[in-house]
Amino acid sequence: MKPAGAADSTGKTGTDSPPRLSALGWARWAWRILTSMRTALILLFLLAIGAIPGSVLPQRSVSDEQVRNYFLDNPDLAPWLDRFYLFDVYSSPWYAAIYLLLFVSLTGCVLPRAAAHYRAMRARPPRTPHNFGRLPYSASFTTAASPQTVLAEARAALKGYRIDTRDDSVAAEKGYLRETGNVVFHLALLGLLIALGAGSLFGYRGNMLIIEGDGFANTVTSYDAYEPGTSVEPGDLQPFWLRLDDFQAEFIEEGDLTGQAASYVADVTYREAPGAPERTHTLEVNHPLSVDGAQVYLLGHGYAPEFTVTNPDGEVVFDQAVPFLDRQEGNFVSDGVVKVPDTGAEQLGFTAVFLPSAAETATGELTSDFPGARNPVVTLRAFKGDLGLDSGDSQSVYQLYTERMEELGDSPQLSPGETWELPEGAGNITFTGYREYISVQVNSDPARVPALVAAVAAVLGLLCTLFVHPRRAWVRARPDADGRTVVEVGGLGKTEGAGAITELHGISLRLRDRLRERPASDDTSTEKE
């Protein structure tokens with residue numbers, strides 16, 4: 001008996017073990033797995049799954065104020081979601097990793113497939129099979145015409161097919177457009193990924209609020225939230241300017257949809273560059289303003305109550321509109337903060353609630369029963385002390401830090417024009433009225449048109465894949481012992497369905513009719529299907 005592992009006469013060991021892969025072998029194996037169509041489909045599915053949080057949760061790239069509201073409403077959950085970049089899904093590392101892997105997978109999968117399809121289109125149709133009876137469709141008949149005449153008529157009957165004539169047969173094939181559409185679809189997906197990547201490199205987007213009567217210059221410092229592409233510099237921004245002249249929001253006032261928005265319309269004036277003539281534009285949802293390659297989109301609107309604050313000496317120390325953030329309750333109850341640092345004494349701060357259509361509930365609570373401004377009311381809570389603006393720490397304009405401030409009390413309900421005398425002689429604040437503001441997004445994407453072209457090509461390729469059915473047909477002509485010519489017709493469809501069989505049967509009948517010598521010849525012809 002041989003000991004375990006001893007070599008036999010052929011030099012092989014007694015223990016059968018698979019050969020170990022080298023580093024190059026593992027690399028080839030990984031490349032084959034990555035560039036398989038199954039892997040590409042899995043990555044495409046993961047990309048779609050990864051986009052779900054981007055459509056469910058607010059995104060900083062779309063509305064920074066909605067993200068802030070989410071943090072206020074969910075102070076425990078929001079930080080954890082933010083750790084996984086769920087408020088910045090499309091710029092997150094994990095989404096970028098899926099995107100890049102999908103790009104590599106499609107490249108390695110589609111390009112060889114496109115090359116193989118190109119070679120197949122230039123190759124001759126497949127050789128004529130020996131036994132037509134094994135094909136999904138076969139038919140035969142006899143004719144007095146010569147084999148050369150039969151093959152000539154077969155070529156005419158197979159119009160629209162790619163034809164190759166051999167010694168005693170004709171081979172034909174059509175439907176290459178189906179695989180062409182498949183290749184175009186996947187190449188278009190690859191082009192779409194390239195366009196999206198180019199957009200993230202050379203494009204930018206930014207969000208800001210514009211109050212009625214105020215203007216906006218397209219500079220980095222003007223944005224509330226700004227996301228430049230990797231290769232975008234501040235000087236690359238288009239030098240346009242716009243002003244919000246008027247905003248009108250209409251709401252449904254009757255029926256089950258009472259309070260739902262009917263239309264948002266913003267009238268703006270803009271210049272494409274300094275010194276350029278002023279132009280006007282009506283900005284609506286899904287009807288952006290296109291200016292110098294950038295698109296300005298209307299995202300939403302809100303209210304900006306106007307306040308005038310007077311210090312104890314009777315001097316006006318604050319007089320402006322302050323944008324308030326909607327609580328997303330459907331009635332535009334909005335929260336805001338008023339900071340008054342230059343009072344000449346202790347600084348003042350106010351937390352405020354704006355109700356566009358104030359009403360009382362059955363329990364006596366104050367609410368708004370309509371999103372339009374039917375009965376605008378403001379309630380305030382006042383603080384005095386140190387706002388902490390000189391601490392060096394960045395502060396949100398929508399939050400009031402009261403650690404070093406003393407609470408003065410709550411105001412009564414204030415309607416436009418009413419004044420609240422602050423306790424302890426700290427001055428007074430007047431609710432002078434309100435203006436509306438719009439939230440807009442500026443999006444500059446130089447790859448927008450290539451992305452559109454790629455998307456259209458993908459749709460056209462998909463249509464070809466769905467509606468083009470490839471098929472093959474063969475016609476053989478050979479003389480028999482009686483001096484007549486035996487004609488055999490066979491074919492197959494490469495997709496499911498009876499359409500190919502019906503077409504092939506029609507070709508067989510047309511060919512027989514072309515070769516018929518006289519009407520009575522049907523009695524002497526035989527057909528086998």
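Numbering of residues begins at 1 and proceeds along the displayed sequence.
In this view, His469 satisfies the ring pair (Phe, Tyr, Trp, His ring centres under 6.0 Å) rule with no residue, not counting sequence neighbours. With sequence neighbours excluded, no residue forms a salt bridge (Lys or Arg N to Asp or Glu O under 4.0 Å) with Glu212. Applying the side chain to side chain contact (heavy atoms under 4.5 Å, CB included) test to Val220 and every residue at least two apart in sequence or in another chain returns Tyr226, Pro234, Leu237. Judged as a salt bridge (Lys or Arg N to Asp or Glu O under 4.0 Å), and not counting sequence neighbours, Asp246 has no contacts. Listed by chain and number, the residues in a side chain to side chain contact (heavy atoms under 4.5 Å, CB included) with Gln238 are Tyr204, Asn218, Phe240, Asp292, Ala294, Ser444 (sequence neighbours excluded). Taking Trp26 as the reference, Trp29 meet the ring pair (Phe, Tyr, Trp, His ring centres under 6.0 Å) condition, with sequence neighbours excluded.
Using the six-membered ring where Trp is involved, Tyr137 and His505 have ring planes that are perpendicular, over 60° apart on the 30 and 60° scheme.
Sequence neighbours left out, the pairs with a member in residues 104-126 that pass salt bridge (charged side-chain N to carboxylate O under 4.0 Å, His left out) are Arg113-Glu179, Arg124-Asp164. The salt bridge (charged side-chain N to carboxylate O under 4.0 Å, His left out) contacts involving residues 447-476 comprise Glu173-Arg472, Arg471-Glu503, Arg476-Glu488, where partners must be two or more places apart or lie in separate chains. Within the structure, the ring pair (Phe, Tyr, Trp, His ring centres under 6.0 Å) test picks out the following pairs touching residues 73-93 (sequence neighbours left out): Tyr70-Phe87, Phe71-Phe87, Tyr90-Tyr95. The side chain to side chain donor-acceptor pair (under 3.5 Å) analysis of residues 44-57, with sequence neighbours excluded, yields no pairs. For residues 193-203, the set of pairs meeting the salt bridge (charged side-chain N to carboxylate O under 4.0 Å, His left out) definition, not counting sequence neighbours, is empty. Listed by first and then second residue, the salt bridge (charged side-chain N to carboxylate O under 4.0 Å, His left out) pairs that reach into residues 250-262 are Glu253-Arg374, sequence neighbours excluded.
The 12-atom threshold is not exceeded at CZ of Arg28, counting heavy atoms of other residues, nucleotides or ligands nearer than 6.0 Å. For Asn131, the CG atom counts as densely surrounded, since its 6.0 Å shell holds more than 12 non-hydrogen atoms of other residues, nucleotides or ligands.
For the pair Pro53 and Val56, the minimum side-chain heavy-atom distance is 4.5 Å or more.
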### Task
Determine, step by step, whether Tyr303 and Phe324 satisfy the ring-ring contact (aromatic ring centres under 6.0 Å, His included) criterion, reporting the C-alpha distance in whole Å, the side-chain angles of both residues, the deciding distance to 0.1 Å, and the verdict.
CA-CA 6 Å; Tyr303 293 97; Phe324 279 25; 9.8 Å; no
#### Entry: Glu227 vs Arg60, salt bridge (Lys or Arg N to Asp or Glu O under 4.0 Å): CA-CA, chis, key distance, verdict
CA-CA 9 Å; Glu227 294 186 7; Arg60 288 190 175 94; over 6 Å; no
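Looking at Arg327 and Asp335, a side-chain N of the basic residue comes within less than 4.0 Å of a carboxylate O on the acidic one, giving a salt bridge.
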